[in-house]
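See below for the structure under consideration.
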2 protein chains.
Amino acid sequence: MAVTIKDIAKVAGVSYATVSRALNDHPEINVITKEKIKEIAQQMGYTPNAVARGLVKKNTEMIALLIPDITNPFYPEVARGVEDYARENGYCVFLCNTNWDEENEQKYLTILKERRVDGIIIAPVSTDTIDYVSDSKLDIPVVYIGSRVDCNKSNYVVIDDFKAGYMATEYLMKLGHSNIAFIGGHDKSTSHIDRINGYKQALKENRLEADINSIKGYSFKKESGYGTFLKMVKNRKVPTAIVAENDIIALGIMEAAEKHGYDVPKDISIIGIDDIEFGSLPKINLTTVAQPKFDIGRKSADILLDLISGSADSKQIILEPFLIVRGTCGKY
Amino acid sequence: MAVTIKDIAKVAGVSYATVSRALNDHPEINVITKEKIKEIAQQMGYTPNAVARGLVKKNTEMIALLIPDITNPFYPEVARGVEDYARENGYCVFLCNTNWDEENEQKYLTILKERRVDGIIIAPVSTDTIDYVSDSKLDIPVVYIGSRVDCNKSNYVVIDDFKAGYMATEYLMKLGHSNIAFIGGHDKSTSHIDRINGYKQALKENRLEADINSIKGYSFKKESGYGTFLKMVKNRKVPTAIVAENDIIALGIMEAAEKHGYDVPKDISIIGIDDIEFGSLPKINLTTVAQPKFDIGRKSADILLDLISGSADSKQIILEPFLIVRGTCGKY
DNA sequence: CCTTTTTTCGTAAACGTTTTAAATTTTGAT
DNA sequence: ATCAAAATTTAAAACGTTTACGAAAAAAGG
């Protein structure tokens, strides 16, 4: 029963086309009839139908944000950045959680294609879906976040993960540490690899030896850091400092360390990467290398919209990480 | 250039209608031609156009989640709950942040109406938008979360906030406290009022006096709890226990207390409400009355979809809060 | 083999817009 | 008053589906 353009046309005594032009401020229309029509539309309580418009204009002004899990403290800020920029530009954004499952990831992609979203921002969990996208069975602009995707003409916005790993390690060395371990999570993502390489490089420049403890499988749970540290004490190979691949792992390490009588930062220094919100709580006070999460979201939406409007070719953005010194690292 | 039903029809040598029926497993079709058509569609790489379908079927299978800020640690789990249920039932969900602004809230509502979403889940910040909705200028099924909306025929899912306030206070009294204050946030929401009333009632039943310190304006920042506690020490009216309206405020109180030499829980007990994720960190270890956030999201989506399918009238769901005992409350 | 019922399929309209091309009106100058 | 040019409007097609209705074909019953 919603009032339509047809209805307005009847009341105003003009054709559909005129009404459409009036409501869209089309230049080819007499300003006085335009006002009259707008008035009538207002009175009749007209609400334009975006679905119909989408059908003829072949764009929906919808984008999607495809992430592993909004519950992971890294993503809400990213999402906020994306949504802010999208809304400012008239776009709505679908929130899509893949639950770290590549099958879900691909399922969602075909759903989004059916729905004719104009573009997608993906924090990919699987390289398979990257292939799927770049093989362009999907035919929708995509920008990746969180991990570099260096295949042909891909778009992404990431931080310089190498630098992040480097900075964390460098900071620890400046504090006097020479026995520095790295505890990581995933073993496939570029961010994982880059951070490790940054760590290695920093050590190498000071002729120190690397000690990398990666966790099998992919997990963002604290337990990962916790368990790995436990192994270290079992093997009597506890370093004086640890760079954790991310803050959640750092938290796990801290818990394990303190439970086993190690004082942080007196006995052991721990630095994370990411800067998730609860690291800033005074009781946690985690020293970390921060990612500009909000900016990552916002910038990725920016690029995506450019891509959609065709006003830009592929773009790779690498943002700068920055050190946040708090209380979990001490001098050696 | 996407392949359409028309194209398939041509190749298969049948009418549009037949193709449509085949692809939708319509009963009125020969199973063998159905298979043939599906085969062809597959081969041609057909992707149904949900926009066109939405136009004729007058539903979009899209819903929206309208919340103040996904960055607030309360909402990600809720969002996850609604998205999970929605996806399982073929719906996609728009993430809409209002940034605690009622103007944004209403703007978003008209946008969502234009887009013809089938339903909306709202965590309302303003009673004005509730009026706006119930005056049904909007003509879309709505379910509220977080605060009761007791106007005619509204749908909501909340926790029993009265009980939450009551339980928190009761627990403190059981520990021997008799000087118990309440520090709250918002002064308008039903959840705020109910929690206070629960607190009062519990005290009343034990003939104790209430001490309510509400924070002017609305804020979910820690600073609120922090500042209010500071006033207490200034006025030399520090109680032995405090129930905080929510966990974030509780955190602020804890910080202030410890900064001023009060040991938690030895000198002062603090209990929150909500159970946000970082309360569970060992270093924080906040005792709290929990809300089933995921269930709130999931259940609200459930109700909304029922509403959309017309298979149910209005529903008010009140979920049970539950006590999580950790380390911030001690015996007196 | 004819009639009736049941299956299956095709025609055409509908959903609510935008847009192209053509028709009409207005304007401005002579 | 006349005519060309500019401004405004209209008619109709298009976007890609679904669906009501009727027609044809197949199956069933006698």
Side-chain angles (χ1 to χ4, degrees), chain A residues 1-38 40-41 44-62 90 111-118 139-140, chain B residues 1-38 40-41 44-62 90 111-118 139-140:
Chain A
M1 289 304 128
V3 27
T4 144
I5 279 199
K6 223 174 193 170
D7 302 329
I8 300 176
K10 246 176 214 159
V11 173
V14 295
S15 67
Y16 316 168
T18 319
V19 176
S20 173
R21 278 193 276 257
L23 298 176
N24 294 329
D25 287 316
H26 198 93
E28 278 190 13
I29 193 170
N30 187 302
V31 60
I32 157 160
T33 62
K34 176 164 91 177
E35 291 310 324
K36 188 184 73 179
I37 289 174
K38 277 193 174 179
I40 293 176
M44 297 178 71
Y46 172 71
T47 310
N49 186 325
V51 177
R53 176 188 302 143
L55 182 58
V56 28
K57 297 193 72 164
K58 287 171 178 300
N59 64 10
T60 53
E61 312 216 313
M62 309 186 304
I111 290 174
L112 294 171
K113 186 173 184 181
E114 291 190 3
R115 288 180 181 275
R116 299 299 195 264
V117 296
D118 292 339
D139 193 30
I140 302 175
Chain B
M1 290 307 126
V3 26
T4 145
I5 279 199
K6 223 174 193 170
D7 303 329
I8 300 175
K10 247 177 213 159
V11 173
V14 296
S15 67
Y16 314 167
T18 318
V19 176
S20 173
R21 278 192 278 255
L23 297 176
N24 294 329
D25 286 316
H26 197 93
E28 279 189 12
I29 193 172
N30 186 302
V31 59
I32 157 161
T33 60
K34 177 163 89 177
E35 292 310 326
K36 187 183 73 177
I37 290 174
K38 278 192 174 179
I40 293 176
M44 297 178 71
Y46 171 72
T47 310
N49 185 326
V51 177
R53 176 187 301 143
L55 182 57
V56 29
K57 298 194 72 165
K58 286 171 179 299
N59 64 10
T60 52
E61 311 216 315
M62 309 187 304
I111 290 174
L112 293 171
K113 186 173 184 182
E114 291 191 3
R115 288 180 181 274
R116 300 296 195 264
V117 296
D118 291 339
D139 192 31
I140 302 175

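Proteins get letters first, then strands, A, B, ... in listed order; numbering begins at 1 in each. The figures here come from the full heavy-atom set of this structure, side chains too, leaving out hydrogens, waters and symmetry mates. The structure presented is a predicted model; accordingly, all values stated were derived computationally and were not measured.
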Let me know the distance between [atom1] of [X] and [atom2] of [N], rounded to the nearest Å.
X      : N       : atom1 : atom2 : result
L23(B) : dC9(C)  : CG    : P     : 13 Å
E61(A) : dT17(C) : CD    : C1'   : 14 Å
R21(B) : dT17(D) : CZ    : P     : 15 Å
K6(B)  : dA12(C) : NZ    : P     : 13 Å
E35(A) : dT8(D)  : CD    : P     : 14 Å
N59(A) : dT17(C) : CG    : P     : 16 Å
D25(B) : dT19(D) : CG    : P     : 14 Å
Y16(B) : dC15(C) : OH    : P     : 18 Å

Of V19(B) and K57(A), the one whose closest DNA chain D nucleotide lies more 5':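 On the 5' side of the pair lies K57(A).
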A52(B) or I29(B), whichever maps to the more 5' nucleotide of DNA chain C: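 Residue closer to the 5' terminus by nearest nucleotide: I29(B).
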Of T47(A) and A17(B), the one whose closest DNA chain C nucleotide lies more 5': A17(B)
pair T47(A)-R116(B): side-chain heavy atoms closer than 4.5 Å: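 Contact flag for T47(A)/R116(B) side chains = yes.
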Flag side-chain contact, heavy atom, 4.5 Å: I5(B) against Y46(B):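 In contact.
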Which one, [options], comes nearest to the side chain of [X]?
X      : options                   : result
T33(B) : dA11(D), dC9(C), dC15(C)  : dC9(C)
N30(A) : dT8(D), dT18(D), dT8(C)   : dT8(D)
E28(B) : dC15(D), dT17(C), dT8(C)  : dT8(C)
R53(A) : dT17(C), dC15(C), dT10(D) : dT17(C)
S15(A) : dT17(C), dA11(D), dT11(C) : dA11(D)
K58(A) : dG16(C), dT11(C), dC15(D) : dC15(D)

dC15(D) phosphate, OP1 or OP2, under 4.0 Å from T4(B) side-chain N/O: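 No, T4(B) has no side-chain N/O under 4.0 Å of OP1/OP2 on dC15(D).
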Any N24(B) side-chain N or O less than 4.0 Å from OP1/OP2 of dT18(D): yes
Taking any heavy-atom pair under 4.0 Å as a contact, classify [X]: base, sugar-phosphate, or nothing.
X      : answer
S20(A) : base
T18(A) : base
V14(B) : sugar-phosphate

Gap separating the [atom1] atom of [X] from the [atom2] atom of [Y], nearest 0.5 angstrom:
X       : Y       : atom1 : atom2 : result
N24(B)  : R53(B)  : CG    : CZ    : 6.0 Å
L112(A) : D118(A) : CG    : CG    : 11.5 Å
D25(B)  : K38(B)  : CG    : NZ    : 3.5 Å

Sidechain N-carboxylate O distance under 4.0 Å for K113(B), D139(B):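 The answer is no: the pair does not qualify as a salt bridge.
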base_contact_polar (dG16(C) base, R116(B) side chain, donor-acceptor, <3.5 Å): no
